[in-house]
Amino acid sequence: MGVASLSSPWPWTCSQYYCSFSLLSTISKLGNSTTPATFSYVRSRQRPSPSSTVTLSTSQVSFGQHYHSLQEKKKEKETASVSSSPLFSRPVYAGEHHRIFPLFCRNAASTASSTTRYPEYNRLLPCPTQSQSPRIEHLVMEETGNVVDLICQALNLPHLYVADLIHFGAVYCALVCPNPPPTATAEQVKIFKKVTAPAALKKRASLKGKTVREAQKTFRITNASEYVEAGSYLRVHVHPKRFPRCYEVDWLSRVIAETESYVVLDKPVGTSVGGTTDNIHESCATFVTHAMGLSSALRTTHQLDNCTEGCVVLSKTMEFCSEFHSKLRVCALPHPKLHM
């Protein structure tokens, strides 16, 4: 009987519950075996015993080999589908999505696996009960076109979903691609140098009078009909942070005071005052504006944490917003009598 042991000489130990996925991965590396294989493992603080031996038949070993081959084919298929885009020649920040650049994403550790599966996309509404794990895509355009069409073709997303992302403020653009992080591959660095070469930048009329640093600053795209030119950079927050609490609150009952210049709101827990980087729609300012039927959107004057409940002042005019900020700065200055 052929024997392959997972246990090394004592006192090697492993966790009490052995992971079946790791066991299959080990089985798949045995190669072509025609005899049953015995695997021994040691539970924590226990010596090997006959009861801690698992015997697997030849069919189970063959299943492990088949499982390993399926995983390899799946990786090859994902790589081929990404690199076959007609409009994008493997963008600087595209490819295997944000897993290529862990320094640029918020959950690199949780998405390090190359077998990440994303849900089926339809619309951002109705709001889910909890946010999905962040997914941030970085793209460099090779052709001029509508921003919705280009994102849909690059990321294989529905048009209505991308339009919702723009409405939520989850899409950013820069005229010139930002500098890649140190973890960039040679191919990605090559594309970056290609789109930022002086000869390529001179041909773009939109960069006239701007330095490269100024052109690399990102701005939020707010119109789904906007066009972006070749060489531009896009950052798409595919899974924006959600705030389901906004749809449960009676916002008119939360208004404490109202004047011609401002509104005082009792902010509920689990809401954002003015929105986040990838979601400016689900915020107190937006929902109070709709609830009160105001013609112009309310402006934030200060912030409270999402998990905090309390009074916030929302401005109706730019003049009051500036005046409120100036008063906050005066209050923040140290009092002269306190330093005497």
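This is a predicted model, so every value here is computed, not measured.
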Query raised in the report: Step by step, would you call E282 with L125 a side chain to side chain contact (heavy atoms under 4.5 Å, CB included)?
Result: CA-CA 11 Å; E282 295 173 339; L125 295 177; 4.3 Å; yes
field: Check against side chain to side chain contact (heavy atoms under 4.5 Å, CB included), K327 and E323
entry: CA-CA 6 Å; K327 292 183 180 297; E323 182 181 356; 3.5 Å; yes
I would like to know whether V212 and T196 meet side chain to side chain contact (heavy atoms under 4.5 Å, CB included); could you show each step before the answer?
CA-CA 9 Å; V212 174; T196 58; 5.9 Å; no
* Kindly indicate, with the supporting measurements, whether the criterion side chain to side chain contact (heavy atoms under 4.5 Å, CB included) is fulfilled by V312 and C284. => CA-CA 10 Å; V312 294; C284 294; 5.7 Å; no
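Of all heavy-atom pairs spanning V162 and C152, the tightest one is CG2-SG, 3.6 Å. Summarising the geometry of P240 relative to N279, their closest heavy-atom pair is CB-CB, 4.5 Å, with the distance given to 0.1 Å. Nearest heavy-atom pair across S272 and N306 is CA-OD1, 3.5 Å. Closest of all the heavy-atom pairs between T300 and A285 is CG2-CB, 4.4 Å. Across all non-hydrogen atoms, the minimal contact from Q132 to P119 is NE2-CG, 3.6 Å. The heavy-atom pair separating A154 from L139 by the smallest distance is CB-CD1, 3.9 Å.
Within 6.0 Å of the CG atom in N146, the count of heavy atoms belonging to other residues, nucleotides or ligands exceeds 12. Atom OH of Y262 sits in a sparse spot, with 12 or fewer heavy atoms from other residues, nucleotides or ligands closer than 6.0 Å.
Checking side-chain atoms of K241 against main-chain N and O of T277 turns up no donor-acceptor pair under 3.5 Å. Using a distance-only test at 3.5 Å, with no hydrogens or angles considered, no donor-acceptor pair links the side chain of R299 to the main chain of F320. The main-chain N or O of A174 is never found under 3.5 Å from a side-chain atom of T218 such that the two would form a donor-acceptor pair. Looking at Q216, its side chain does come within 3.5 Å of a backbone N or O of C177 through a donor-acceptor pair. Looking at H325, its side chain does come within 3.5 Å of a backbone N or O of T301 through a donor-acceptor pair. One N or O on the side chain of R220 and one on the backbone of G169 form a donor-acceptor pair closer than 3.5 Å. Between the W251 side chain and the L265 main chain, no donor and acceptor come within less than 3.5 Å of each other. Counting only distance, with no hydrogens or angles, the side chain of R204 and the backbone of V176 share no donor-acceptor pair below 3.5 Å. Checking side-chain atoms of S232 against main-chain N and O of M141 turns up no donor-acceptor pair under 3.5 Å. Using a distance-only test at 3.5 Å, with no hydrogens or angles considered, no donor-acceptor pair links the side chain of D278 to the main chain of H237.
Salt-bridge formation is not detected for the pair K203/E229: no Lys NZ or Arg NE/NH1/NH2 atom is positioned less than 4.0 Å from an Asp or Glu carboxylate oxygen. Using a cutoff of 4.0 Å between basic side-chain nitrogens and carboxylate oxygens, K316 and E260 are not scored as salt-bridged. For K190 and E187, the salt-bridge test fails: no basic side-chain N is under 4.0 Å from an acidic carboxylate O.
For an aromatic pair to be called close, the ring centres must be under 6.0 Å apart, and H281 with F243 fails this. Centroid-to-centroid, the aromatic rings of H302 and F324 come within less than 6.0 Å.
Looking only at side-chain heavy atoms (C-beta outward), T129 and P244 stay at 4.5 Å or farther from each other. Between D149 and H159, the closest side-chain pair of non-hydrogen atoms falls below 4.5 Å.
Hydrophobic clustering keeps Y227 apart from V236 (ILVMFWY residues linked when any side-chain heavy atoms are closer than 4.5 Å, directly or through intermediates). In the hydrophobic clustering of ILVMFWY residues, with side-chain heavy atoms under 4.5 Å counting as a link, I280 and Y247 come out apart. By the criterion of side-chain heavy atoms lying less than 4.5 angstrom apart, applied directly or through intervening Ile, Leu, Val, Met, Phe, Trp or Tyr residues, V269 is not grouped with V273; the two fall into different hydrophobic clusters. Placement of L160 and Y121 in two distinct hydrophobic clusters is found when ILVMFWY residues are connected by side-chain heavy-atom separations under 4.5 Å, directly or transitively. A continuous path of hydrophobic side-chain contacts links V238 to Y118 [ILVMFWY only; heavy atoms under 4.5 Å].
Annotation: the span from F168 atom CZ to S283 atom OG amounts to 10.0 Å, rounded to 0.5 Å. Remark: L298 CG to T289 OG1 distance equals 3.5 Å, nearest 0.5 Å. The distance from the NE2 atom of H167 to the CG atom of N223 is 12.5 Å, given to the nearest 0.5 Å. Going from atom CD1 of I136 over to atom OH of Y172 covers 10.5 Å, rounded to the nearest 0.5 Å. The structure places CD of E137 at 9.0 Å from NE2 of H239, a figure rounded to the nearest 0.5 Å. Note that CD of Q188 is 8.0 Å distant from OG1 of T183, once rounded to the nearest 0.5 Å.
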